[in-house]
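My structure is below; once you've seen it, I'll send some questions.
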Amino acid sequence: MSPLQIHNTLSNKKELFTPINGKTVKIYACGPTVYDLSHLGHARSAITWDMVVRYLRFSGYDVIFTRNITDIDDKIINRAKELGIRPEQVAREYTFGYWRDMKALNIGLPDFEPRATEYLSQMIAFIDQLIKAGHAYASEGDVYFDVSSFKEYGKLKKQRLEDMLVGARDLAVSQQDLQERKKSPLDFALWKGAAAGETGWQTPWGFGRPGWHLECSTMIADVLGDTIDIHGGGEDLVFPHNENEIAQSEALHKKPLARYWMHNGMVNIDAEKMSKSLGNFKTIQDLLQTYSPDTIRLFILQTHYRSPLEFTAESLQAVKNGLQRLIRAANGVSQDDAEKLASQMQVAESAFTKEELRKVGAAFAEAMDNDFNTAEAVAVLYGLADQINTTAEIEKRLSHIYALQLYAGVLGLTLEDTSQNLDSATSQEIMSLVLQIRQEARAKKDYATSDLIRNKLGALGINVMDTAGNGAAWERS
RNA sequence: GGCGGCAUAGCCAAGUGGUAAGGCAGAGGUCUGCAAAACCUUUAUCCCCCAGUUCGAAUCUGGGUGCCGCCUCCA
């Protein structure tokens, strides 16, 4: 097994990755709250975990990957009010939207994808256990986690309780009535009371809905177990979300929630974080109008997952241009090669075992083993493209094409050549051009040429029909 | 105010002690009827500034400056 190193937010260091149980790796990543269209920030997060899962599987691990969907939340309820529809409808619409976008971006399906509304009974049981264990208390229809009961609170964010209290003071002033129900401003809601008629569920503590952090703790315990190998999420979730997950789960189970905590960096626009609240986001749907899924993925993977990623149209265009070279190389530069490629992939696969490609594989693995350094891994892909383009030896070309496709695939890049896919407007123009050339041949009484065109088109399933005075019309037969 | 992170060429971006990957853009060239593609050459004596440690630092230490994130919903 490879000597994979992973940066762990808990220790703030790179650590050698060793799974709890042999080759099995249990991963949980925080998914979206479905109240609006997904944007590039969601894409970065999803692509990051997709890349991690793909590489771990490529390295020989059996990965169990779980990603949740938060489908009940204040933001969803507020959105529903704005739109005048039920929260369930909002959640359903944007859940489908998320799935559509993830599929478009070639992101693999998680092995489990629990939704918060499927976990009410488990969440209620979780709260009940926390109360019985003295880690939570009910207060006027709400239930709060007692932060003072969990000594390690703040270990992920690495902030002392006293310092956090200072920070929480302003909030306490602005939300006086809320704070009066809590023992400490740092205590967070496990359950929020709701008025009758609002969306909610009945519990021993009253009618209401779950706090946001609770679902992740509950789902992890239910789907994967008390301690998982890797927990992933956006950097902005470190505090309070992930910190609170740790508090809930570890207070109850007395075991570490996750051994490795991984966090992806934010996407910035004009040096500011892309976020819903700032309104400066680019939706995945919008981006896909202009850029291919591979372009978006390569744009994200050319930066290390923990670094901030600056979004500009220029850099996305630059990636698009660079990707062209990889695609051309991966699909054979000439038509000849493309045809041979299909029939000789077997040859390529056997040639792939040769020594020179071992070095390429080692370079790729070395990059990825270093905390998933995809920027370096991408450089390996470009190196392969150079090799392909500078040799005329067919066997070497094929084996390197095989390697390029293989490693690109580990990064989730398809390198699919869509350069010859024509839209219908373009097809119309081309037919118009062909028929114009044919018309000029007929005008010169060059019937050999005009008949050749008509017969060839006929063989392609296109009927050409000459008219008396309006040139020729065509249709698919 | 507290905590954390970042500063590398025109742009994007790797590199955490051994003498600056890769991509884009630019320049020159080869090939070509002309293009395109592809290929070759070229583009940071230097990695925000100052001081220090070291035989040796973009990489370590200290001090500045600037930017960002979290502390409130957020991938």
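Just so we're on the same page: letters track the sequence lines, and every chain starts at 1.
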Checklist line | Integer-rounded Å distance: B:C12 P and A:Ile300 CD1 | finding: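 After rounding, the reported distance stands at 17 Å.
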Check: Using a cut-off of 4.0 Å on non-hydrogen atoms, how would the nucleic acid contact of A:Lys273 be classed: base, sugar-phosphate, or nothing?
Finding: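 The answer is base, as A:Lys273 lies within the cut-off (heavy atoms under 4.0 Å) of a base atom.
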Checklist line | Lys/Arg-Asp/Glu bridge criterion (N-O < 4.0 Å) met for A:Arg57, A:Asp111 | finding: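 The answer is yes: the pair qualifies as a salt bridge.
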Item checked: Separation of atom CG in A:Leu323 from atom C1' in B:A37, rounded to whole Å ->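 Those two atoms, CG and C1', are 16 Å apart.
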Checklist line | Counter-base of B:U30, judged by Watson-Crick or G-U geometry with both distances under 3.5 Å | finding: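 In the structure as shown, B:U30 has B:A38 as its Watson-Crick or wobble partner.
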Check: Where the side chain of A:Gln302 is defined as all heavy atoms beyond and including C-beta, which of B:C71, B:G69, B:C12 is the nearest nucleotide?
Finding: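 Given the options B:C71, B:G69, B:C12, the side chain of A:Gln302 is closest to B:C12.
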Check: In terms of side-chain geometry, is the basic nitrogen of A:Arg209 or A:Asp74 positioned less than 4.0 Å from the acidic oxygen of its partner?
Finding: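 So A:Arg209 pairs with A:Asp74 through a salt bridge.
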Note to self: Tell me if the CD atom of A:Glu366 is crowded by more than 12 foreign heavy atoms within 6.0 Å.
What the structure shows: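 Counting neighbours around CD of A:Glu366, 12 or fewer heavy atoms of other residues, nucleotides or ligands fall under 6.0 Å, so no.
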Check: A:His304 NE2 to B:C12 P: how many Å, rounded?
Finding: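 Atom-to-atom, A:His304 to B:C12, this comes out as 19 Å.
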Notebook entry, point to check: For A:Arg92, does the CZ atom have more than 12 heavy-atom neighbours from other residues, nucleotides or ligands under 6.0 Å away?
Noted result: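 No - once you tally the heavy atoms of other residues, nucleotides and ligands closer than 6.0 Å, there are 12 at most.
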Check: Is any NZ, NE, NH1 or NH2 atom of the basic residue among A:Asp386 and A:Arg325 found under 4.0 Å from an Asp or Glu carboxylate oxygen of the other?
Finding: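 Result for this pair is yes, salt bridge flagged.
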Next item on the list: Determine which nucleotide pairs with B:G4, using a 3.5 Å limit on both distances of a Watson-Crick or G-U wobble pair.
Entry: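 Base partner found: B:C68.
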Checklist line | Spacing between A:Tyr291 atom OH and B:C24 atom C1', to the nearest angstrom | finding: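 Atom-to-atom, A:Tyr291 to B:C24, this comes out as 13 Å.
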Item checked: Any A:Arg325 side-chain nitrogen or oxygen under 4.0 Å from OP1 or OP2 of B:A37 ->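 False: A:Arg325 side-chain N/O out of range (4.0 Å or more) of B:A37 OP1/OP2.
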Check: Base, sugar-phosphate, or nothing: which does A:Thr48 touch, judged by heavy atoms less than 4.0 Å apart?
Finding: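 Touches nothing.
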Note to self: Students often get this wrong, so: under 4.0 angstrom with heavy atoms, is A:Gly233 touching a base, only sugar-phosphate, or nothing?
What the structure shows: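 If one applies the 4.0 Å heavy-atom cut-off, A:Gly233 turns out to touch the sugar-phosphate alone, with no base involved.
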Notebook entry, point to check: Looking across every strand, which nucleic acid part, if any, lies under 4.0 Å from A:Lys157 by heavy atom: base, sugar-phosphate, or nothing?
Noted result: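 Base: the residue A:Lys157, judged by heavy atoms under 4.0 Å, touches a nucleobase.
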Note to self: Suppose you measure atom P in B:G22 against the same atom in B:C71; what distance do you get, rounded to whole Å?
What the structure shows: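 The answer is 39 Å between these two P atoms.
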Check: When all nucleic acid strands are considered with a 4.0 Å heavy-atom cut-off, which category describes A:Val380: base, sugar-phosphate, or nothing?
Finding: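 Answer is nothing: A:Val380 stays at 4.0 Å or more from every strand.
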Item checked: Shortest side-chain distance from A:Asn12, nucleotide among B:G5, B:C70, B:A21 ->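 Closest of the options to the side chain of A:Asn12: B:G5.
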Next item on the list: Please work out if A:Asn264 contacts a base, only the sugar-phosphate, or nothing of the nucleic acid, heavy-atom cut-off 4.0 Å.
Entry: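 Base, at least one base atom sits under 4.0 Å.
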Checklist line | Given B:G15, B:C24, B:A75, the nucleotide with the shortest approach to the side chain of A:His39 | finding: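 So the side chain of A:His39 is nearest to B:A75.
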Check: Considering every strand shown, what is the Watson-Crick or G-U wobble mate of B:A20 when both distances are under 3.5 Å?
Finding: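 Because no pair has both required distances under 3.5 Å, B:A20 counts as unpaired.
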Nucleotides 26-33 of chain B: which of its N/O atoms have a protein N/O under 3.5 Å away?
none

Next item on the list: For A:Gly265, answer base if it contacts any base atom (sugar-phosphate contacts may also be present), sugar-phosphate if it contacts only those atoms, and nothing otherwise; contact means non-hydrogen atoms under 4.0 Å.
Entry: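 A:Gly265: base contact, heavy atoms under 4.0 Å.
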Check: For B:A44, which nucleotide is its Watson-Crick or G-U wobble mate, given both distances must be under 3.5 Å?
Finding: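 Checking every strand shown, B:A44 finds no partner, since no pair has both distances under 3.5 Å.
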Checklist line | Of the listed nucleotides B:C39, B:A37, B:C24, the one nearest the side chain of A:Arg328 | finding: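 The listed nucleotide nearest to A:Arg328's side chain is B:A37.
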Next item on the list: Taking atom P in both B:A21 and B:U45, compute the distance separating them and give it to the nearest angstrom.
Entry: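 Straight-line distance between the two P atoms is 14 Å.
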Next item on the list: Using atom NZ of A:Lys192 as one end and atom P of B:U72 as the other, report the distance to the nearest whole Å.
Entry: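 Rounding to the nearest Å, NZ of A:Lys192 and P of B:U72 are 13 Å apart.
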Checklist line | C1' atoms of B:G64 and B:A75, separation to the nearest Å | finding: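 My reading of the C1' atoms in B:G64 and B:A75 gives 35 Å.
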Notebook entry, point to check: Counting side-chain heavy atoms from CB outward, which of B:C71, B:A75, B:C39 is closest to A:Pro240?
Noted result: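 My answer, after comparing the listed nucleotides, is B:C71.
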Next item on the list: Would you kindly compare A:Ser45 and A:Lys14 by the position of their nearest RNA chain B nucleotide and give the one closer to the 5′ end?
Entry: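 In this pair, the answer is A:Lys14.
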Notebook entry, point to check: Which nucleotide in the set B:A75, B:C40, B:C70 lies at the smallest distance from any side-chain heavy atom of A:Thr33?
Noted result: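 The answer is B:A75, which lies nearest to the side chain.
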Checklist line | Nearest non-hydrogen partners of A:Met266 and A:Glu235, listed with the distance | finding: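 The answer is CE-N, 3.4 Å.
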Item checked: Salt bridge flag under 4.0 Å for residues A:Lys155 and A:Glu250 ->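 Here A:Lys155 pairs with A:Glu250 in a salt bridge, since their nearest N and O are under 4.0 Å apart.
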Notebook entry, point to check: Is A:Asp236 salt-bridged to A:Lys273, cutoff N-O under 4.0 Å?
Noted result: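 Salt bridge present between A:Asp236 and A:Lys273.
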Notebook entry, point to check: Nearest of B:C39, B:G22, B:G69 to any side-chain atom of A:Asp386?
Noted result: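 Of B:C39, B:G22, B:G69, B:C39 is nearest to the side chain of A:Asp386.
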Checklist line | Whole-angstrom distance between B:C11 and B:G63, as gauged at atom C1' | finding: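 Roughly 32 Å separates the two C1' atoms.
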Next item on the list: Looking at every strand, decide which applies to A:Ser275 at a 4.0 Å heavy-atom threshold: base, sugar-phosphate, or nothing.
Entry: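 Since a base atom lies under 4.0 Å of A:Ser275, the category is base.
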Check: Where the side chain of A:Ala375 is concerned, which of B:A13, B:G5, B:A75 is the nearest nucleotide?
Finding: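 Among B:A13, B:G5, B:A75, the one nearest the side chain of A:Ala375 is B:A13.
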Note to self: Using the C1' atom as the point on both nucleotides, what is the distance between B:U53 and B:U43, in whole Å?
What the structure shows: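 Approximately 35 Å lies between the C1' atom of B:U43 and that of B:U53.
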Check: Any idea which of B:C73, B:G69, B:G4 is nearest the A:Lys75 side chain?
Finding: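 From the listed options, B:C73 comes nearest.
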Item checked: Length of the CG-P vector between A:Asn268 and B:A7, whole Å ->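 One finds 13 Å between P of B:A7 and CG of A:Asn268, rounded.
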Next item on the list: For B:A57 and B:G17, measure between their P atoms and round to the nearest Å.
Entry: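 One P to the other, the span is 14 Å.
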Check: When rounded to the nearest Å, what value does the distance between C1' atoms of B:C24 and B:A13 take?
Finding: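 11 Å, rounded to whole Å.
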Check: Got a salt bridge between A:Asp371 and A:Lys14, using NZ or NE/NH1/NH2 to carboxylate O under 4.0 Å?
Finding: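 Judged by the 4.0 Å cut-off on N to carboxylate O distance, A:Asp371 and A:Lys14 do not form a salt bridge.
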Next item on the list: Using a strict cut-off of less than 4.0 Å between a Lys/Arg side-chain nitrogen and an Asp/Glu carboxylate oxygen, indicate whether A:Glu243 and A:Lys157 qualify as a salt bridge.
Entry: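 No, A:Glu243 and A:Lys157 are not salt-bridged.
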Check: Which heavy atom in A:Arg297 sits nearest to a heavy atom in A:Leu411, and how many Å separate them?
Finding: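 Closest approach of A:Arg297 to A:Leu411: NH1-O, 2.9 Å.
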Margin query: Looking at B:C39, I'd like to know if its phosphate oxygens (OP1 or OP2) sit under 4.0 Å from a side-chain N or O belonging to A:Asn389.
Written below: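 It does, given that an N or O in the side chain of A:Asn389 lies less than 4.0 Å from OP1 or OP2 of B:C39.
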Checklist line | Pair partner, B:G52 [Watson-Crick or wobble, under 3.5 Å] | finding: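 B:G52 is paired with B:C60.
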Margin query: How many whole angstroms separate atom CD of A:Glu314 from atom C1' of B:G23?
Written below: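 One finds 15 Å between C1' of B:G23 and CD of A:Glu314, rounded.
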Margin query: For the C1' atoms, the ones on B:U65 and on B:A51, what distance do you get once it is rounded to whole angstrom?
Written below: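 15 Å, rounded to whole Å.
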Check: Of the nucleotides B:A75, B:A14, B:C70, which has the atom closest to the A:Phe239 side chain?
Finding: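 Closest of the options to the side chain of A:Phe239: B:C70.
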Note to self: I want to confirm an ordering. Mapping A:Asn373 and A:Val378 to their closest nucleotides on RNA chain B, which one lands closer to the 5' end?
What the structure shows: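 Its nucleotide being nearer the 5' end, the pick is A:Asn373.
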Check: Quick one: A:Glu272 CD to B:C70 P, roughly how many Å, whole number?
Finding: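 Whole-Å distance recorded here is 10 Å.
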